[in-house]
Amino acid sequence: MAKQEFHLDFCGRGITVETGEIAKQADGAVIIRYGDTVTLSTACASKEPKEGIDFFPLTVSFEEKLYSVGKIPGGFLRREGRPSEHATLSARMIDRPIRPLFADGFRNDVQVVNTILSVDQDAPAEMAAMLGSSLALCISDIPFNGPIAGVKVGRVNGEFVANPSLEQQEVSDIDLTVAGTAQALNMVEAGAKEVNEDDMLEALMFGHEQIKKLCAFEEEIIKAVGKEKREIPLYTVDAELDKKVRSSFEQPIREAVSIKEKLERYGKIDELTQQAVDQIAAEDYPTEKAQNEAIKQTKEICRSIEADEVRRLIIEDKIRPDGRKIDEIRPLNSQVDLLPRVHGSALFTRGETQVLSTTTLGALNENQIIDDLTEVDSKRFMHQYNFPPYCVGETGRMGSPGRREIGHGALGERALKQVLPSEEEFPYAIRTVADVMESNGSSSQASICAGTMSLMAAGVPIKAPVAGIAMGLIMNDETGQYTVLTDIQGMEDHFGDMDFKVAGTKNGITALQMDIKTTGITRDIFKQALAQAHKARLEILDNMLACIPEPRKELSPYAPKIAIMHINPEKIKDVIGPGGKMINEIIAECDNVKIDIDEDGQVVIYHQDQAAIEKAKQRISDIVREAKVGDVYTAKVVRIEKFGAFVNLFGNTDGRLHISKISHHRVDKVEDVLKIGDTIDVKVTEIDNRGRINVSAKALLPKPKNTENKKEKKPAKKPEKAEENAE
């Protein structure tokens with residue numbers, strides 16, 4: 001196929017799609033040129049289904065090439081290594097709207113690879129890659145119910161903006177990414193500065209209007225170059241086996257679904273499932289493989305019965321597995337100060353979901369270093385999320401965070417970042433860590449609640465407390481009936497159609513995240529979910545504030561204390577010294593204090609001991625201090641010459657005390673009245689054009705009575721020459 005190009009003017013910036021020239025052996029491949037951003041998206045699928053699995057094996061990657069922004073990778077190897085957090089989040093963002101649009105039972109491996117070749121920061125590579133991923137699948141022979149597209153939405157001066165530039169993002173109060181089909185949205189990711197629900201809903205709908213334009217553009221391309229879709233056998237369970245299992249076990253499993261306590265409910269369902277497996281496994285089979293397949297399908301049938309009953313109870317009877325009302329939150333409990341040595345700690349429990357959050361404060365030079373395609377090179381606030389296997393009563397892998405943990409951590413960070421004090425107001429690096437102790441639904445939102453309280457306990461002066469809640473949806477596609485659920489638990493999440501997380505203050509939303517398993521969500525569903533989430537958020541905030549009503553006024557005794565001073569930027573080199581000698585001396589002399597110096601002259605000193613801070617502050621003050629005419633000092637004699645003496649005023653600053661300025665009486669020899677090491681009070685009388693400081697002791701002494709009315713004689717020229725020679 002020869003190279004073909006397609007063009008679209010999208011919101012004032014051109015998009016060009018190229019296909020047929022690069023990566024021709026992939027099932028589908030497109031180059032997207034958006035401004036100066038260039039991405040290559042490819043899609044490939046295995047020829048045969050993957051055996052022995054009960055999920056769709058889709059892999060989406062976002063390959064950051066640092067040459068795309070003119071960077072050489074850091075580290076010893078100087079090449080790209082494991083995906084950055086930004087790459088992981090971008091890959092997840094593309095995966096989430098694509099995954100629901102493959103048919104149930106799809107078991108062929110599908111791999112979508114997005115390679116970022118050139119980046120224009122005003123033309124988001126994530127959105128170009130999402131468009132490319134959809135097109136690569138759509139023009140290939142891989143069955144896919146697309147197209148989909150995504151767009152970023154900002155709001156500048158009250159006006160919504162699609163894919164805002166960096167300059168516009170700086171002043172926008174909404175940072176929203178939405179994706180979906182021409183019919184409905186199916187993925188949302190957002191941060192916002194306490195934006196109300198109505199405005200956020202309008203932002204979502206504005207984004208969908210832009211998505212419709214992109215989907216229409218994709219349809220033109222698919223019509224021109226799309227391949228005929230291949231026939232792929234979809235996985236289904238054996239009809240006779242399904243009938244056999246349901247006849248014996250459907251009713252008891254449906255009854256077990258209504259057991260309120262999680263572990264008891266799951267235990268009973270597991271017991272019934274095992275009984276079904278034992279019954280089916282006892283039959284005769286031609287091969288061991290056939291027996292194993294029957295056992296696997298039996299488990300799937302039991303899960304399907306469980307799912308059907310959960311959905312039926314909620315849609316038809318408005319009854320939830322644990323007996324709660326549709327908009328009822330599980331019991332809440334908030335605690336702080338569980339850990340005596342950390343800077344701030346809190347425990348938040350909602351039903352059977354429990355998160356321990358800790359806050360640690362550090363110097364600004366402990367900010368996280370960022371090495372990715374964005375213009376951000378470091379960040380001051382880090383919110384990290386850990387989900388150990390014991391929190392759901394299982395064994396499993398422990399180690400570095402997976403995609404899910406990185407995604408949940410980023411969501412919490414986005415929600416809390418909106419209310420943090422500025423660096424000028426609170427010059428600390430801040431790290432919160434959410435360790436999930438127990439999980440049965442929406443631990444990510446519990447981490448936001450616990451994180452808020454641990455920040456307040458640590459004395460971080462946040463602008464307002466933030467709480468989060470997860471909303472669910474059970475929908476019957478045939479009848480159009482649906483139920484929106486508040487505070488979904490694990491079973492409702494697993495068998496439901498939507499996981500819609502909403503975090504915010506009492507005044508508005510600070511973060512959103514939505515994933516769905518259906519084709520899309522309508523405006524009415526969004527509106528109802530946001531309204532129920534607002535009500536729940538206020539209830540949770542009441543519980544949190546009853547525990548800790550406001551941020552602590554004082555930091556933990558184990559947190560670093562702080563002092564801020566400002567120096568003349570021209571004096572920074574003096575404080576640092578050649579090769580860092582001076583600042584290293586100060587750090588060593590002052591019990592290893594931490595010192596941050598900005599190029600504008602702001603100096604921030606950190607240490608747990610206030611005395612060490614004050615000592616370092618005095619040392620720096622002495623280095624940068626400048627004498628002024630009229631200042632008075634108790635100076636130390638450091639050198640004696642024929643013309644007079646040099647006296648140390650402070651730090652490395654000396655003044656020249658002429659022999660005629662020592663006393664009202666004539667002094668024949670300096671040594672007659674002063675010796676090295678003596679202290680003497682002096683006043684600065686002059687700073688000449690060469691920066692030399694002249695001082696006088698006589699100016700501070702009372703005049704003798706017999707000389708009060710006499711004019712002071714001018715110094716003789718000869719001593720002045722001697723003084724020059726001494727210099």
Evaluate Lys571 against Ile576 for side chain to side chain contact (heavy atoms under 4.5 Å, CB included), listing each step before the verdict. CA-CA 9 Å; Lys571 294 283 187 177; Ile576 295 174; over 6 Å; no
Would you call Lys594 and Asp596 a salt bridge, taking side-chain N to carboxylate O under 4.0 Å as the test? no
Donor-acceptor pair between Arg380 and Asn367 side chains, under 3.5 angstrom: no
Hey, does Thr432 have a side-chain heavy atom less than 4.5 Å from the side chain of Tyr385? no
How far apart are the closest heavy atoms of Glu80 and Tyr67, and which atoms are they? OE2-N, 4.4 Å
Rounded to the nearest 0.5 Å, the CG atom of Asp681 sits from the OG atom of Ser696 at a distance of 11.5 Å
Is Asn386 reaching over with its side chain to a backbone N or O of Pro401, donor-acceptor style, under 3.5 angstrom? no
Go through the steps to decide whether Thr358 and Leu339 satisfy the test side chain to side chain contact (heavy atoms under 4.5 Å, CB included), and finish with yes or no. CA-CA 9 Å; Thr358 57; Leu339 308 175; 3.7 Å; yes
Given the rule in the side chain to side chain contact (heavy atoms under 4.5 Å, CB included) test, do Leu411 and Arg414 qualify, once you have shown the distances and angles that lead to the verdict? CA-CA 5 Å; Leu411 174 61; Arg414 199 161 46 245; 3.6 Å; yes
Any side-chain donor-acceptor pair under 3.5 Å between Ser334 and Asn543? yes
Tyr606 side chain to Ala563 backbone, donor-acceptor under 3.5 Å: no
Where is the tightest heavy-atom contact between Pro551 and Val460, given as atom of each residue plus distance? CB-O, 3.4 Å
Rounded to the nearest 0.5 Å, how far does CG of Asp574 lie from CD1 of Ile583? 12.0 Å
Quick one: are Ile595 and Val604 in side-chain contact, heavy atoms under 4.5 Å? no
Closest non-hydrogen atoms of Ala559 and Leu555, given as atom of the first, atom of the second and distance, are CB-CB, 4.1 Å
Rounded at 0.5 Å granularity, tell me how far CG in Leu176 sits from CZ in Arg155. 11.0 Å
How many angstroms lie between CD1 in Ile564 and CD1 in Ile613, if you round to the nearest 0.5 Å? 10.5 Å
Rounded distance (nearest 0.5 Å) linking atom OG1 of Thr653 with atom CG of Asp622: 8.5 Å
Would you name the heavy atoms of Ala434 and Ser447 that are closest together and state the gap between them? CB-CB, 3.4 Å
Taking Glu126 for the side chain and Ser90 for the main chain, is one N or O donor matched with an acceptor at less than 3.5 Å? no
For His343, all residues meeting ring pair (Phe, Tyr, Trp, His ring centres under 6.0 Å), sequence neighbours excluded: none
Which heavy atom of Lys661 sits nearest a heavy atom of Val695, and at what distance? CB-O, 3.9 Å
Scan side-chain atoms only and decide if Ser172 and Gln169 contain a donor-acceptor pair under the 3.5 Å cut-off. no
Are Phe426 and Leu361 close enough that some pair of their side-chain heavy atoms sits under 4.5 Å apart? yes
Would you indicate whether the side-chain heavy atoms of Thr685 and Val629 approach each other to under 4.5 Å? no
Ion pair Arg403/Glu405, N-O distance below 4.0 Å: no
Any side-chain heavy-atom pair from Val684 and Ile693 closer than 4.5 angstrom? yes
What's the spacing between Ile116 CD1 and Phe62 CZ if we round to 0.5 Å? 3.5 Å
I'd like to know whether NZ of Lys71 has more than 12 heavy-atom contacts from other residues, nucleotides or ligands below 6.0 angstrom. yes
Any salt bridge linking Glu413 with Lys379? Criterion: basic side-chain nitrogen under 4.0 Å from a carboxylate oxygen. yes
When you compare the side chains of Glu614 and Gln610, does any donor N or O come within less than 3.5 Å of an acceptor on the partner? yes
Thr510 and Gln418 side chains, donor-acceptor separation under 3.5 Å: no
Check whether more than 12 heavy atoms from other residues, nucleotides or ligands sit under 6.0 Å from atom NZ of Lys417, and answer yes or no. no
Quick test of your reading: applying side-chain hydrogen bond (donor to acceptor under 3.5 Å, both in side chains), list the pairs with at least one residue in residues 579-593, sequence neighbours left out, ordered by first then second residue. Glu589-Arg619, Asp591-His607
Test item: Arg537 and Val502 side chains (from C-beta on) under 4.5 Å apart, heavy atoms: yes
Val355 and Ser443 have their tightest heavy-atom pair at CG2-O, 3.7 Å
Could you give me the CA-CA distance, side-chain angles and deciding distance for Ser84 and Glu64, then say whether side chain to side chain donor-acceptor pair (under 3.5 Å) is met? CA-CA 8 Å; Ser84 69; Glu64 291 182 319; 2.6 Å; yes
Could you check Phe646 against Ile676 for side chain to side chain contact (heavy atoms under 4.5 Å, CB included), going step by step and ending with a plain yes or no? CA-CA 9 Å; Phe646 284 98; Ile676 293 176; over 6 Å; no
Are Glu194 and Thr505 close enough that a side-chain donor and a side-chain acceptor fall under 3.5 Å? yes
Check whether Gln168 reaches the backbone of Ser165 with its side chain - one donor and one acceptor, N or O, closer than 3.5 Å. yes
Around Asn157, counting heavy atoms of other residues, nucleotides and ligands shown, do more than 12 lie under 6.0 Å from its CG? no
Taking the inter-plane angle between the rings of Phe643 and His658 on a 0 to 90° scale, is it parallel (under 30°), tilted (30 to 60°) or perpendicular (over 60°)? tilted
Has Asn196 got a side-chain atom pairing as donor or acceptor with Asp199's backbone, closer than 3.5 angstrom? yes
When you look at CD of Glu671, are more than 12 heavy atoms from neighbouring residues, nucleotides or ligands closer to it than 6.0 Å? yes
Got a donor-acceptor contact below 3.5 angstrom from the Asp175 side chain to the Gly191 backbone? no
Can you tell if the side chain of Gln602 reaches within under 4.5 Å of the side chain of Ile597, non-hydrogen atoms only? no
According to ring pair (Phe, Tyr, Trp, His ring centres under 6.0 Å), who are the partners of Phe387, at least two apart in sequence or on a separate chain? none
Is the number of heavy atoms from other residues, nucleotides or ligands under 6.0 Å of Lys561 NZ greater than 12? yes
Validation row: Leu420, Leu455 side chains within 4.5 angstrom (heavy atoms): yes
Side-chain (Gln121) to main-chain (Leu373) donor-acceptor, under 3.5 angstrom: yes
Is it the case that the side chain of Ser118 and the backbone of Asp36 share a donor-acceptor pair, with hydrogens and angles ignored and the cut-off at 3.5 Å? yes
Given salt bridge (charged side-chain N to carboxylate O under 4.0 Å, His left out), test Lys628 with Asp631 step by step and report yes or no. CA-CA 6 Å; Lys628 297 178 182 177; Asp631 286 351; over 6 Å; no
